[in-house]
Amino acid sequence: SNLGSGWQISGAERLYEDPSSGSYLISGSGSHEVFKPQYYVFVSTGYEEGVMGIDTRTDTVELQYPLTPGSSNDEPLIISPDGKVLCIGSPDYNYIQVVDIQTKKIIQYLKTANNSFNGPYSLAFSPDGKTLYAGVDGGYYSTGHYQRYDYIYVYDMQNYTNTSIIPLGQKIAPQYMAVSPDGQKLYVSRQGGKYGYQIQIYDTQSLQLLNTVTTDTTLETRPSLAITPDSKKIYYIEYNSTAGAYVKVIDGETNQAVKTIGISTLYPKSIRLTPDGTRALVSLNTGNQPGYVKVIDTVTDQLIASLEV
């Protein structure tokens with residue numbers, strides 16, 4: 001590990017290793033991702049500041065990639081599995097920047113739509129890095145009212161071309177996405193406030209919808225999910241005022257939710273798996289008080305530990 005032992009990241013909500021790319025990922029108030037070989041932390045600050053690249057050897061900002069002035073959301077970031085490019089989405093505008101990590105230059109803009117408000121909320125790479133998926137808010141103004149129709153844009157990252165567009169329907173934004181380690185399925189976590197929350201599962205070859213898992217939650221953060229290395233289980237977090245925080249388990253073969261694991265009365269922020277897939281880690285938010293990480297054994301799907309952080 002280039003980060004070594006004993007590293008602490010001030011203000012970060014989670015620190016974990018992505019086994020598909022060997023990158024260390026950090027998430028706090030914005031979107032963060034660390035490229036291990038280059039010692040850089042890329043931090044999405046939102047607004048006009050864009051994305052900053054911090055050299056962790058000197059703790060100084062060495063790079064900055066500005067986005068369109070007026071961007072008001074945290075930009076989604078993702079590093080390709082081979083560690084060569086950093087993709088930066090802009091939720092308020094209609095493009096994705098592709099940055100060459102080695103040359104530190106923007107090498108491509110991937111357009112998401114003709115409307116200036118059609119920006120990506122989430123990004124996901126296929127395990128081989130050949131395909132990029134972008135969850136896009138297809139909002140537009142009609143007769144003075146904002147209308148939403150969301151999509152998933154599919155890009156060939158060898159030629160930087162848009163190859164397919166998957167229509168998702170109205171009002172439930174594609175806030176988080178992940179591709180199964182075997183590359184066969186795309187999981188889309190959609191959030192729509194009063195319009196509901198759901199996990200949609202797509203076949204990555206046919207791009208056909210396999211199933212929709214409706215979630216009973218009042219989660220107000222971008223819902224996250226985690227997939228075991230063998231692609232057999234998918235974990236995602238839910239929360240409501242009655243049941244508190246809990247984790248649902250989807251069977252990767254049947255595409256059905258098969259188990260509910262109660263974890264806390266506190267508000268959940270994210271879920272991640274250890275690199276070997278044997279533990280699921282759920283971060284819980286307590287405001288100004290110490291937070292907690294709940295640990296789930298993914299073999300038995302039992303809660304086995306609670307860590308104060």
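Quick note: numbers below take in every heavy atom, side chains included, and nothing from hydrogens, waters or symmetry partners.
Partners of K294 according to the salt bridge (charged side-chain N to carboxylate O under 4.0 Å, His left out) rule, which considers only residues two or more places apart in sequence or in another chain, do not exist here. Every residue meeting the side chain to side chain donor-acceptor pair (under 3.5 Å) condition with D100, not counting sequence neighbours, appears here in chain and number order: T103. With sequence neighbours excluded, no residue satisfies side chain to side chain donor-acceptor pair (under 3.5 Å) with T204. For L307, the side chain to side chain contact (heavy atoms under 4.5 Å, CB included) partners are V293, V295, not counting sequence neighbours. With sequence neighbours excluded, the residues that form a side chain to side chain donor-acceptor pair (under 3.5 Å) with D276 are T274, T278. For L123, the side chain to side chain contact (heavy atoms under 4.5 Å, CB included) partners two or more places apart in sequence, or in a different chain, are P76, I78, C87, I96, P120, L132, A134. D156 pairs by the side chain to side chain contact (heavy atoms under 4.5 Å, CB included) definition with Q158, N159, T161, T163, not counting sequence neighbours. With sequence neighbours left out, D297 forms a salt bridge (charged side-chain N to carboxylate O under 4.0 Å, His left out) with R279. For V61, the side chain to side chain contact (heavy atoms under 4.5 Å, CB included) partners at least two apart in sequence or on another chain are M52, I54. Listed by chain and number, the residues in a side chain to side chain donor-acceptor pair (under 3.5 Å) with S264 amount to none (sequence neighbours excluded).
Closest non-hydrogen pair, P229 versus G277, comes out as CD-CA, 3.6 Å. Nearest heavy-atom pair across I79 and F125 is O-CD1, 3.8 Å. Closest heavy-atom contact between I152 and V188: CD1-CG2, 3.4 Å. Residues A280 and I271 share a closest heavy-atom pair of CB-CD1, 4.3 Å. Closest of all the heavy-atom pairs between S180 and P127 is O-CG, 3.6 Å. The shortest heavy-atom contact between R190 and D150 is NH2-OD2, 3.9 Å.
For Y239 and Y246, the ring centers are positioned 6.0 Å apart or more.
One distance of note links OH of Y133 with CE of M177; it measures 9.0 Å at 0.5 Å rounding. Going from atom OG of S189 over to atom CD1 of I234 covers 12.5 Å, rounded to the nearest 0.5 Å. Between I250 atom CD1 and L225 atom CG the span is 7.5 Å, to the nearest 0.5 Å. Between I166 atom CD1 and Q200 atom CD the span is 9.5 Å, to the nearest 0.5 Å. Summarising the geometry, atom CG belonging to L273 is positioned 9.0 Å from atom CD1 belonging to I227; distances are rounded to the nearest 0.5 Å. S164 OG to Y151 OH: the interatomic distance, rounded to the nearest 0.5 Å, is 14.5 Å.
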Only distances under 3.5 Å count here; give the side-chain donor-acceptor pairs of residues 252-263 to other protein atoms, sequence neighbours excluded, each with its distance to 0.1 Å.
from : atom 1 : to   : atom 2 : distance (Å)
T254 : OG1    : Q256 : N      : 3.4
N255 : OD1    : K185 : NZ     : 2.8
K259 : NZ     : T300 : O      : 3.4

Should I88 and V99 be marked as a side-chain contact (heavy atoms from CB on, under 4.5 Å) after you check the CA-CA gap, both sets of side-chain angles, and the distance that decides it?
-> CA-CA 8 Å; I88 307 168; V99 180; 3.9 Å; yes

Test side-chain contact (heavy atoms from CB on, under 4.5 Å) applied to Q97 and I107, step by step = CA-CA 8 Å; Q97 294 181 8; I107 58 174; over 6 Å; no

Starting from the C-alpha separation in whole Å, work towards a yes-or-no answer on side-chain contact (heavy atoms from CB on, under 4.5 Å) for V247 and V282.
-> CA-CA 9 Å; V247 172; V282 183; 3.8 Å; yes

For the pair Y160 and L110, evaluate side-chain contact (heavy atoms from CB on, under 4.5 Å) and give the outcome as yes or no after the intermediate values.
-> CA-CA 7 Å; Y160 298 116; L110 302 177; 3.9 Å; yes

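Contact of the V98 side chain with the I106 side chain is not registered, since no non-hydrogen atoms from C-beta on lie closer than 4.5 Å. Side-chain contact between Y267 and L284: absent, with no pair of heavy atoms (C-beta onward) separated by less than 4.5 Å.
Ring pair Y155/Y153 is parallel by interplanar angle, where below 30° counts as parallel and above 60° as perpendicular.
Each salt bridge (charged side-chain N to carboxylate O under 4.0 Å, His left out) pair with one or both residues in residues 300-309, not counting sequence neighbours, appears once here: K233-D301.
Residues V249 and V299 fall into different hydrophobic clusters, defined by Ile, Leu, Val, Met, Phe, Trp and Tyr side chains chained together at heavy-atom separations under 4.5 Å.
The side-chain contact (heavy atoms from CB on, under 4.5 Å) test with Y187 is passed by exactly one of V179, I201, V213: I201.
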